[in-house]
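Chain letters run A, B, ... following the sequence lines, proteins first, then strands; residues in each count from 1. Heavy atoms only: backbone and side chains are in, while hydrogens, waters and symmetry mates are out.
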Amino acid sequence: MSNHKQIISVFTALKLKKLILKKASEVQGRSVNYKINYEMELNTGQYEAVMHHEGPALVIAGAGTGKTRTLVYRVARMIEDGIAPQSILLLTFTRKSASEMLRRASLLLDGRCEDVSGGTFHSFAVQVLRQYAKLIGYDNNFSILDQSDSEDAINLLRTEFIEKGAKRRFPTKTTLQRIYSMSVNTKTDIAAIIEDEYSYFLDDSDRIIGLLGFYEEYKKKHNLMDYDDLLLNLLRLMKEHTSVLNTLHKMYHFIMVDEYQDTNKLQHEIVLLLSGSRSNIMAVGDDAQSIYSFRGASYQNIMFFPESFSNCKIYKIEENFRSSNQILDLSNQLIKEAIFKYDKNLFSSKPTGELPYIVATRSEREQSEFLVQQILELRENGVPLNNMAVLFRSAFHSFDLEIELEKANIPFEKFGGMKFIETAHIKDMVSFMRILSNPADAVSWQRVLLLLSGIGPKKAAQVISMISDGTIKLSKADSLSEKGIPENIREMIKMISEMYFSEMSISDKCTVISEYYRHLLKQKHDDWKKRWEDIETFITISERYNNLQNFLNDMALDPPSKSLSDMEAENNDNEILTLSTIHSAKGLEWQAVFIIWALEGRFPSSKAVHSIDSIEEERRLFYVACTRAKEYLYISYPINIFDRESGFVLSEPSRFISKIPDTIVERFVVADGGSDISLN
DNA sequence: AGCAGTGATGTTTTT
DNA sequence: CATCACTGCT
């Protein structure tokens with residue numbers, strides 16, 4: 001968003017504020033002539049939340065109770081009341097869900113709804129920081145490190161901290177990054193995190209703390225922010241610069257936060273500051289669906305939300321419009337055993353449906369075969385493929401199924417797991433582009449320099465330090481020959497310099513870079529042809545942008561999740577089956593849902609069984625999975641699976657389903673029926 | 001000194 | 001299957 005536009009929106013917001021107050025006072029007495037008949041279209045719980053006017057509110061909305069609908073109608077209602085769209089801030093978990101809500105609100109009312117400010121906490125933070133980063137010692141063109149960039153940066157420093165000849169292994173870059181991120185997001189000392197969660201690294205504690213301290217300096221020096229910094233620095237900006245906070249208060253008068261159960265301490269603090277003395281804040285969420293504690297989220301945020309304000313209204317929405325009573329019985333049963341929760345019991349007025357199935361198969365292959373068969377059968381019975389989903393705990397759980405689906409010619413789209421943007425070749429391309437935006441971006445330099453043969457960490461570090469101290473500058477003239485730089489590096493810097501000063505469009509720059517990159521790709525990967533297709537997709541995506549920073553923001557915060565083949569499939573909107581991790585399935589619903597690998601050791605994951613808290617989280621995850629289903633729910637697990645990781649044979653069904661009474665589920669065992677598999 | 005190739009080792013979930 | 005740590009090669 002340009003500066004200019006934001007200033008205008010501040011003025012419109014200010015101008016309309018008087019209007020709001022007048023209207024609101026009118027509302028108290030008699031109802032305004034709304035275009036939408038809210039009372040008719042919503043149930044009581046939803047209606048009350050939609051009509052909530054000013055002051056803090058918490059909406060506890062169980063799964064499938066029309067939480068999104070409530071938010072959509074509230075946006076429409078506020079705009080009907082004359083509130084300036086720009087002064088409403090809608091913070092959501094993904095950017096997709098923000099734009100989807102605003103789209104629905106627009107359909108409901110009119111185009112003004114599209115002007116509501118919205119996005120994720122992270123994208124909101126970037127918007128603000130791009131304007132004010134200077135105030136806290138960053139350049140406005142800072143680069144955003146995603147998780148793997150952050151790991152790479154940590155890895156650079158890691159080697160220096162490894163003790164020679166140590167008996168135990170020093171934590172990997174992934175672990176280190178996780179410790180750091182957890183420490184930031186929960187506002188806890190690194191030492192405490194290690195003690196609680198990584199006690200086997202206790203001996204390395206000092207080294208880890210030292211390393212992560214260097215990591216922080218490194219980021220500052222090279223004008224880099226990781227995901228956690230975005231929140232942290234936004235908070236700093238608001239705390240240390242009242243002028244910024246005041247500006248934000250002038251801009252945003254009403255704040256709504258979706259999926260509040262998945263916010264962490266930093267985000268909660270941001271919300272508190274942002275809502276200011278007006279406290280026009282509405283938090284919406286469901287404590288039973290809190291599934292992001294590994295990222296520092298805490299259901300306590302929602303549990304204790306009312307305590308953060310003096311007069312917080314609480315609305316509860318419990319009527320479920322999604323699932324059959326049979327599915328709800330199972331879900332309620334599951335969550336009944338949870339330890340901490342707001343009391344709630346979902347009920348549905350939907351007609352009676354089938355009992356959920358729990359199906360045991362003898363092998364993984366058989367589980368896949370059973371699914372294929374059942375999917376085809378449902379389809380025969382009129383359930384389209386895009387109304388079915390297969391959900392699983394971890395992305396790799398679907399590998400075997402994917403093979404079977406391909407054999408059976410069932411088109412599918414997978415969410416979660418490895419993303420387009422995370423593949424090495426796309427990361428390489430993004431790194432080149434990031435350098436064009438922030439030439440001090442050492443992480444990107446490191447990445448692209450290592451692509452060259454004969455260049456390792458030492459040489460790369462040397463070149464990078466020459467870049468940061470100005471010995472090497474991006475310039476139109478080739479001034480590197482006298483500095484003893486190897487030919488291939490000179491060539492690369494020359495190419496980058498040309499692009500840096502060029503007036504070409506973003507996609508043209510991408511094309512030039514990709515042509516340079518092609519020979520490196522061929523050298524490195526045998527399957528370069530397949531990867532090259534992805535790069536062509538990347539160029540196509542870049543055509544949509546005319547601002548480099550926006551392009552890079554989106555690549556870091558809202559990357560395209562699908563690879564080329566999936567994108568093509570989407571265009572001819574044929575029936576496509578959804579495969580998804582449960583985390584990525586949040587907020588979605590299907591007529592038929594399959595949950596696979598409901599096996600002790602897989603789900604709950606063997607990594608989660610060590611603590612009550614993480615088992616509780618697995619339970620909520622299972623709950624989320626079940627409540628995605630409208631009519632049909634199939635839970636399956638193979639037995640007698642050898643688990644390479646633990647060296648054990650996994651043979652117990654998931655603890656979450658083993659205690660479910662037989663009156664509310666139907667249990668099956670798969671057996672051979674001639675050449676076919678049949679249920680009995 | 002620093003790079004690249006090789007065999008052992010662990011593998012959740014995402015903005 | 002990718003990452004790590006070691007070792008031999010330049």
Test of understanding: with ring-ring contact (aromatic ring centres under 6.0 Å, His included), list the residues that count as partners of A:Phe161, not counting sequence neighbours.
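Scan of A:Phe161 (ring-ring contact (aromatic ring centres under 6.0 Å, His included), adjacent residues dropped) gives A:Phe214.
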Over how many whole Å does the gap from [X] atom [atom1] to [N] atom [atom2] extend?
X        : N      : atom1 : atom2 : answer
A:His397 : B:dT11 : NE2   : P     : 14 Å
A:Phe399 : B:dT12 : CZ    : C1'   : 12 Å
A:Lys586 : B:dT14 : NZ    : P     : 11 Å
A:Asp613 : B:dT12 : CG    : P     : 20 Å
A:Met182 : B:dT14 : CE    : C1'   : 12 Å
A:Gln177 : B:dT14 : CD    : P     : 14 Å
A:Leu449 : B:dA4  : CG    : P     : 13 Å
A:Trp597 : B:dT11 : CH2   : P     : 18 Å

By the 4.0 Å heavy-atom rule, please label [X] as base, sugar-phosphate, or nothing.
X        : value
A:Gln147 : base
A:Ser605 : nothing
A:Ala395 : sugar-phosphate
A:Ser123 : nothing
A:Arg602 : nothing
A:Phe121 : nothing

For A:Leu450 and A:His122, take the nucleotide of DNA chain B holding the closest heavy atom to each; which residue's nucleotide lies nearer the 5' end?
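Looking at the nearest nucleotide for each, A:Leu450 comes out on the 5' side.
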Closest listed nucleotide, where the reference is the side chain of A:Arg295 and the choices are B:dT15, C:dC4, B:dT12:
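Minimum distance to the A:Arg295 side chain belongs to B:dT15.
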Assess whether a salt bridge exists between A:Asp287 and A:Arg620, defined as any Lys/Arg side-chain N lying under 4.0 Å from an Asp/Glu carboxylate O.
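A salt bridge is absent here (no side-chain N lies under 4.0 Å from a carboxylate O).
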Salt bridge or not for A:Lys187 and A:Glu269, using N-O below 4.0 Å?
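Salt bridge between A:Lys187 and A:Glu269, a charged N being under 4.0 Å from a carboxylate O: yes.
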With sequence neighbours left out, what residues match A:Leu274 under side-chain contact (heavy atoms from CB on, under 4.5 Å)?
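Scan of A:Leu274 (side-chain contact (heavy atoms from CB on, under 4.5 Å), adjacent residues dropped) gives A:Leu89, A:Phe124, A:Met238, A:Leu248, A:Ile255, A:Ile270.
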My understanding is that only residues two or more places apart in sequence, or in another chain, count here; which of them pass side chain to side chain donor-acceptor pair (under 3.5 Å) with [X]?
X        : answer
A:Arg295 : none
A:Arg393 : A:Glu618
A:Ser123 : A:Thr120

OP1 or OP2 of B:dT15 versus the side-chain N and O atoms of A:Thr94: is any pair under 4.0 Å?
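It does not, given that no N or O in the side chain of A:Thr94 lies less than 4.0 Å from OP1 or OP2 of B:dT15.
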Quick one: is C:dA5 close enough that its OP1 or OP2 comes under 4.0 Å of any side-chain N or O from A:Arg158?
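Indeed, a polar side-chain atom of A:Arg158 lies that close.
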May I ask whether A:Phe294 stacks on the base of B:dT13, given the cut-offs of 5.5 Å between ring centres and 30° between planes?
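Yes, A:Phe294 stacks on the base of B:dT13, since the ring centres sit under 5.5 Å apart and the planes are within 30°.
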Identify all pairs in which a protein N or O lies below 3.5 Å from an N or O of nucleotides 1-3 of chain B, and state each distance.
residue : atom : partner  : partner atom : Å
B:dC3   : OP1  : A:Gly456 : N            : 3.1
B:dC3   : OP1  : A:Lys459 : N            : 3.1
B:dC3   : OP2  : A:Lys458 : N            : 3.3
B:dC3   : O5'  : A:Gly456 : N            : 3.3

Please determine which of A:Ser654, A:Cys626, A:Ser636 meets the side chain to side chain contact (heavy atoms under 4.5 Å, CB included) test together with A:Ile595.
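When side chain to side chain contact (heavy atoms under 4.5 Å, CB included) is applied between A:Ile595 and each of A:Ser654, A:Cys626, A:Ser636, only A:Cys626 qualifies.
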